[in-house]
Amino acid sequence: MIAAYPITPQTPLTEKLSEFVEGGELNAEYVAVESEHSALTVCTSASMAGARTFTASSAHGLAYMHEMLHWAAGARLPVVLACVNRAIGAPWNILNDQQDSISQRDTGWIQIYARNNQEILDSVLQAYKIAETVYVPVMVCYDGYVLSHAEMPVAVPSQEDVDKFLPSYQPHTILDPANPKNYNLVTLADPRVNTEGVLCHGYMELRYLLQEALQNSGEVIIRVGQEFAELFGRSYANMFWEDRLADADIVIVAMGSLAMEATVAADMLRVKGHKAGVLGMRVFRPFPKADLLKALKKSRLIVVFDKNISYGSEGATCSEIKSALYGSGVNAVIRNFIVGLGGRDVKAREMADAVTKSLPLLKEGFLNSEYPEWICYI
Amino acid sequence: MRTRDCKHICDESSPGIGEAGKTGEWRNSFPMIDQERCTPSRQNKPACFLCWLYCPEAVISKTVPVQINLEYCKGCGICSQVCPVQAITMINEEELHPEEDTQKS
Ligand code: SF4
Ligand code: SF4
């Protein structure tokens, strides 16, 4: 079941899907709705009735879904949503940054970021398997225009292989008139004994279970990535992508397509004799703290590029990296650069320059408490 | 017994009285019926029942005498407003249980 409302740059996706449904190539119900809020409401309702659901949005559309994003996660419905990352107004802008999905960070969704077009397709297939195993909705994010309107050769797996990989959806609860149930009614602060005499969760216990599900979902994400590799030959058995981290003392961190650009920046730094590597964030929620610590053990300088900012603080990825390293004994200098907002082009050379500019900080004993720098013309 | 034993992963219940908990606990005043004024009681036959009709919580019985289930009455006072013979008075919970309220504060 697909319910989506078109918004740039997500539009080609919804257009294609509705064509597939209309042409009979995709055996699905396409519900045309009047808003993104309704799109996700239709998905959550259909998911409770036992259907596998999909929606997609960007920027203002995703913001308009905000209430229902919380709802889908709280109701533990394995909805899959493609977020085609776009900047949020004011002022109006239709181009790419990651402020839209980062603003939905705390809604209880798993967030996966794709670096290229192949990863978008592969991640959507994995997203269903992950969501339907841990009963947490999954958002697959990819950069608007950078990927959404760009073309690259993509291996499209066969229906038989996909069916082998992804079993049919088993709902944990199902609306059924023959066995009437209430779901997600007013649930007060304290647990209550239900009409059958069973002590049931209060609001807080249900929210604990959501956190527990996300905490434990890392293992499932990796296992599903391995299973995917076995069938399709492309491995996703990781929470982040590693490029030359084994000997790197300078690590560039970036998420989404920027992680590809970062490998070019690392090439440039390597030519100059620096031991640079790249950590490309793939799964942002759950945040892979433990794995990250291992990967960053050798690092002395970590330069984090964020296409988003928590205003008054810093980029979201940077905050997460700092929190993961706290108390770990890795005392790397961490530098944060805000880049690419509203579609501003980010060049590999600029990323390499930002790293070079940060190198003297290694000697100065720089404290990781400053606000980020912006690569812009101000 | 811990709540995990219920095995739910989202809020789930079967239709039934009290599935949302004892909602009467929110109330700060409650309705008291003066059976000597209430028409069904006075005439000893089914009559009037306007309070039963208007109660938004469906906690008033259509019986002789009329009874109110205070476990779920939210204290809105609609019944006392619609009663044509002023048989229902809203009583402040604090007046009834002043000692409890002191403990709360
Ligand atoms: S106070 Fe309100 S809820 Fe309580 S019995 Fe009267 S009408 Fe019903
Ligand atoms: S409305 Fe008043 S008189 Fe009528 S049944 Fe209710 S309490 Fe009695």
Side-chain angles (χ1 to χ4, degrees), chain A residues 44-45 47-48 70-79 108 131-137 170-217, chain B residues 1-31 51-63 67-79 90 92-94 96-97 99-105:
Chain A
T44 53
S45 310
S47 185
M48 293 216 69
H70 278 289
W71 193 272
R76 304 292 298 276
L77 298 169
V79 178
E132 292 168 11
T133 307
V134 299
Y135 294 111
V136 173
Q170 302 295 329
H172 63 85
T173 52
I174 191 154
L175 285 173
D176 177 7
N179 178 26
K181 289 273 181 195
N182 308 307
Y183 290 111
N184 307 303
L185 294 185
V186 173
T187 303
L188 298 180
D190 291 327
R192 72 183 158 83
V193 176
N194 71 6
T195 44
E196 286 118 41
V198 178
L199 184 71
C200 298
H201 306 301
Y203 181 87
M204 200 158 167
E205 287 74 25
L206 288 164
R207 289 287 157 171
Y208 175 92
L209 290 178
L210 177 60
Q211 163 71 0
E212 186 179 66
L214 270 118
Q215 279 175 202
N216 296 339
S217 65
Chain B
M1 194 188 189
R2 310 291 293 180
T3 62
R4 208 188 275 278
D5 298 336
C6 77
K7 304 230 164 41
H8 301 156
I9 65 165
C10 70
D11 175 71
E12 182 181 325
S13 58
S14 306
I17 292 169
E19 271 292 29
K22 297 243 164 26
T23 46
E25 285 169 4
W26 305 346
R27 188 180 54 218
N28 56 21
S29 61
F30 71 95
C51 54
W52 165 83
L53 183 65
Y54 278 92
C55 172
E57 296 301 308
V59 295
I60 303 181
S61 70
K62 202 181 169 188
T63 53
Q67 281 172 333
I68 299 178
N69 184 342
L70 288 177
E71 287 200 327
Y72 306 109
C73 156
K74 66 179 174 186
C76 65
I78 289 173
C79 52
M90 296 305 290
N92 202 317
E93 295 272 350
E94 277 173 41
L96 198 77
H97 311 287
E99 66 293 344
E100 266 181 33
D101 208 67
T102 326
Q103 277 169 7
K104 270 186 218 161
S105 59

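Chain letters run A, B, ... following the sequence lines, proteins first, then strands; residues in each count from 1.
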Engineer: Would you name the heavy atoms of A:Ala75 and B:Cys10 that are closest together and state the gap between them?
Structural biologist: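 So the minimum-distance heavy-atom pair works out to O-CB, 3.6 Å.
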
Engineer: What part of A:Leu188 gets within 4.5 angstrom of chain B, counting heavy atoms only: side chain, backbone, both, or neither?
Structural biologist: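 Interface part for A:Leu188: side chain.
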
Engineer: Please classify the contact of B:Arg4 with chain A as side chain, backbone, both or neither, using a heavy-atom distance under 4.5 Å.
Structural biologist: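 Looking at B:Arg4, backbone and side chain both touch chain A.
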
Engineer: Considering only heavy atoms, which portion of A:Thr173 lies under 4.5 Å from any heavy atom of chain B: side chain, backbone, both, or neither?
Structural biologist: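 For A:Thr173, the contact with chain B is made by the side chain alone.
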
Engineer: To check you understand the geometry: which heavy-atom pair defines the closest contact between B:Gly16 and A:Thr195, and what is its length?
Structural biologist: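 Smallest heavy-atom distance, with atoms named: CA-CG2, 4.0 Å.
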
Engineer: Please walk me through it: do B:Asp5 and A:Leu199 pass side-chain contact (heavy atoms from CB on, under 4.5 Å)?
Structural biologist: CA-CA 8 Å; B:Asp5 298 336; A:Leu199 184 71; over 6 Å; no

Engineer: Answer with side chain, backbone, both or neither: which region of A:Tyr135 has an atom nearer than 4.5 Å to a non-hydrogen atom of chain B?
Structural biologist: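 Side chain only.
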
Engineer: Looking at A:Val198, A:Asn194, A:Val193, which hits side-chain contact (heavy atoms from CB on, under 4.5 Å) with B:Cys6?
Structural biologist: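 Among A:Val198, A:Asn194, A:Val193, the one that satisfies the side-chain contact (heavy atoms from CB on, under 4.5 Å) with B:Cys6 is A:Val198.
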
Engineer: Look at A:Thr187, A:Asp190, A:Val186 and state which one has the largest set of heavy-atom pairs under 4.5 Å with chain B.
Structural biologist: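 The answer is A:Thr187.
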
Engineer: Heavy-atom distance under 4.5 Å to chain B: side chain of A:Leu209, backbone, both or neither?
Structural biologist: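 Looking at A:Leu209, just its side chain touches chain B.
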
Engineer: Checking B:His8 side chain against A:Cys200 main chain: does a donor-acceptor pair fall under 3.5 Å?
Structural biologist: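 Not at all, since once roles are kept as given, no pair shorter than 3.5 Å links the two residues.
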
Engineer: Step by step, would you call A:Tyr208 with B:Thr3 a side-chain contact (heavy atoms from CB on, under 4.5 Å)?
Structural biologist: CA-CA 11 Å; A:Tyr208 175 92; B:Thr3 62; over 6 Å; no

Engineer: Counting heavy atoms not belonging to B:Tyr72, are there more than 12 under 6.0 Å from its OH?
Structural biologist: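 Enclosed.
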
Engineer: Between B:Pro15 and A:Pro180, which heavy-atom pair has the shortest distance, and what is it?
Structural biologist: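 In terms of heavy atoms, the two residues are closest at CD-O, 3.3 Å.
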
Engineer: Do you know which of A:Glu196, A:Lys181, A:Arg76, A:His201 has the most heavy-atom pairs with chain B at a distance under 4.5 angstrom?
Structural biologist: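 Looking at each of A:Glu196, A:Lys181, A:Arg76, A:His201 in turn, A:His201 comes out on top.
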
